[in-house]
Protein chains: 2
Amino acid sequence: MTIADVARAAGVSKMTVSNVTSGRVGVRPETRARVLAAIEHSGYQVNPLARALAGGRSRLIGITVPSLSWPYVGEIVQGASQAAEAAGLDLAVFTWPSGQPLPDGLALLRHLTGGLLSILPPDLEDESIWPRSAPSPPQVSVGGPGRYQLLVDNYGGARQAAAYLADLGHTRIAHIVGATDTAPHDAAERLRGYRDELHSRGLALPDAYVSPGTYHERSGLDAAQALLRLPDPPTAIFAANDAMAVGAVHAAQDLGLRVPHDLSVVGFDDLPSARAVRPNLTTVRQPLRDLGRLGVLWLGALARGEQPSSPHILPTELVVRESSGPGPSRFKGVL
Amino acid sequence: MTIADVARAAGVSKMTVSNVTSGRVGVRPETRARVLAAIEHSGYQVNPLARALAGGRSRLIGITVPSLSWPYVGEIVQGASQAAEAAGLDLAVFTWPSGQPLPDGLALLRHLTGGLLSILPPDLEDESIWPRSAPSPPQVSVGGPGRYQLLVDNYGGARQAAAYLADLGHTRIAHIVGATDTAPHDAAERLRGYRDELHSRGLALPDAYVSPGTYHERSGLDAAQALLRLPDPPTAIFAANDAMAVGAVHAAQDLGLRVPHDLSVVGFDDLPSARAVRPNLTTVRQPLRDLGRLGVLWLGALARGEQPSSPHILPTELVVRESSGPGPSRFKGVL
DNA sequence: CTGTTAGCGCGTTCAG
DNA sequence: CTGAACGCGCTAACAG
């Protein structure tokens, strides 16, 4: 079943069939009906490969992600997926673990897709994935380097969290840092925001209050355990993501401390799990779905020849729930 | 940069370049070296589209998933992804929400991929996704209908869970059923396993002990709350997945009950989150990553002309953790 | 409005 | 071991 078969059956040329399947104008209604009937009758489907090879516009966009087992990534993809569906586009997801070489499958994307969205792309020397010489589809980068980048205000979000805890009366506020290999930039920015905010308030910040983590729940538990055993333990912990914040809550509970009464915990991300945990997590919300949605929108704009202003930095939002409360000074003063 | 350019630069024919890039034998080493040098120098990359269009074998496999925001699905994809990488294959993920029409992007898969793995595919009248007439790549189905299907022993797993609770001395064991729209077959099988096991032991099973859920944490919480407020509340709850089990734990805690002392809770799935929850969840482990891994292996076998014996049913495994304990009879007898 | 002529880039016959 | 010719299915130009 090729376009030629349909053309023969409808008594027209291949070109006319092509015009019909591509939804182009300028085909007489009765001719169109005849072609459509022939298509229906034969069960013909256009071959997207041949179409792409011949230079037709692609309605497929590609998205590369470091891993699909991180809920974080799933949220972004979900946002992109919805936006793509709304725009009548198809979305193909490729995993591209950071540090790994470029998967061969991506060569395909280059020829087949109308645009590429990369989540946390590895930091390539060259900004582009493809050899510069050849023409490539537009690409937008989420949280990584690139010509068109969509970012989240990690620095500002961290300052929000630190400011919130300080305003509650906490003076001993520790931070569990994110992994420095997975999303190094994000982790560094959150650390910087935390530091700057505390410094600006003249709060002491012992080295021991900055504890390394891996973004995994377990590392949050371990880090918090160590923090809480310090001679002068923190009364509040700001973790660089929700998973580690949950670990911190568990560490506190293991030591017989109550959250938020004895320890306040603030996370970062606001994944659905933040609401499924007891106590519900106070956290800095990242607009993850918006990230995916905007990425697809940008790709559409780029395809239309428009130039989004890059980089675009999305704001975060502090979501106060149950894992945070007043600092000890507020109580101690009264007692 | 086409194959012709490389051929010209290396002073050979296109055929020779093709032989080199396809790793075929019968090219003189020095010629091969010359070609490789020309490729390196020019930054040439084969166009997978043209290759596929010309009938070459594809190293790409496709996988369709209902959604990427369910951790359940992420695990399977992760397994498939690892197996694909090990086999030197590329994997493209497409979302295909159940109930939705076939995304156009899948037409592409048909022409481009060497095989298709479908997670929980919608129940099509016709077993195959494509029109039967045309040749299609092999497809294996995970948890859904199809010529080659990979399944999990949901029935057996549910019996394991019910038997375990009964062996602990529980006599009042309730079940929170999974969504009947999302993965109806799975939910029904788990319910059937639960029923059969309790019946075989002659345990009473009031209608009120079978409570509907949606697979979401919130529905587990609501269902458990209702169950625990029954005049004769259950002492154990078996939920059809981990998320609802977590909800049940929270419902119990909200009512001042201790888990597992006052209520035992068993889940289903054993997602990573089952270990990140307090108390750690006792649950029926599904080999999700194996599902993805096996799917890719089957696709490879099918490409080689072998016929896997279908359906293949993978066993589950009961993982005992902290959310389950002896039934009240054991204690009450002593007191 | 429709048909004709060229390719898109590569793999595959066949001869040499 | 290599080279020429042809075809995969479709679309972009240009005619008519």
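Computed from heavy atoms alone, side chains included, the values below leave out hydrogens, waters and symmetry copies. So you know, we letter chains A, B, ... as the sequences are listed, proteins then strands, and number each from 1.
- Between the CG atom of A:Asn19 and the P atom of C:dT2 there is a distance of 9 Å, given to the nearest Å.
- For B:Ser18 (side chain) and B:Lys14 (main-chain N/O), no donor-acceptor pair under 3.5 Å exists by modelled atom type.
- Within the 3.5 Å criterion, the main-chain N or O of A:Gly144 finds a donor-acceptor partner in the side chain of A:Ser141.
- Side-chain N or O atoms of B:Ser310 include one that pairs as donor or acceptor with a backbone N or O of B:Gln149 at under 3.5 Å.
- As a whole-Å value, the separation of B:Ile3 CD1 from C:dG7 C1' is 17 Å.
- The backbone N or O of B:Val140 sits nowhere less than 3.5 Å from a side-chain atom of B:Arg147 that would complete a donor-acceptor pair.
- Heavy-atom distances to DNA chain D give each of B:Val12 and B:Leu53 a nearest nucleotide, and the one nearer the 5′ end belongs to B:Val12.
- The distance from atom CD1 of B:Ile76 to atom OG of B:Ser81, rounded to the nearest 0.5 Å, is 13.5 Å.
- Atom OH of B:Tyr44 and atom C1' of C:dG9 are 8 Å apart (whole Å).
- Between the P atom of C:dG11 and the CZ atom of B:Arg59 lies a distance of 13 Å, rounded to the nearest Å.
- Proximity of a side-chain donor or acceptor of B:Asp290 to a complementary backbone N or O of B:Pro287 within less than 3.5 Å is not detected.
- Taking a heavy-atom distance under 4.0 Å as the criterion, the stretch of DNA chain D touched by chain A extends 5' to 3' from D:dG9 to D:dA13.
- Comparing B:Ala50 and B:Thr31 by the nucleotide of DNA chain D whose heavy atom lies nearest to each, the residue mapping closer to the 5' end is B:Thr31.
- In this structure, B:Thr16 contributes its side chain and B:Val12 its backbone to no donor-acceptor pair below 3.5 Å.
- Residue contacts for A:Arg24: at a heavy-atom cut-off of 4.0 Å it reaches the sugar-phosphate backbone alone, with no base atom in range.
- Summarising the geometry, the separation between CG on B:Asp5 and P on C:dG9 is reported as 9 Å, rounded to the nearest angstrom.
- Residue contacts for A:Thr16: at a heavy-atom cut-off of 4.0 Å it reaches the sugar-phosphate backbone alone, with no base atom in range.
- Distances from the side chain of B:Met15 to the nucleotides C:dT12, C:dG9, C:dA6 place C:dT12 closest.
- Between B:Arg51 atom CZ and C:dC8 atom C1' the separation is 16 Å, expressed in whole Å.
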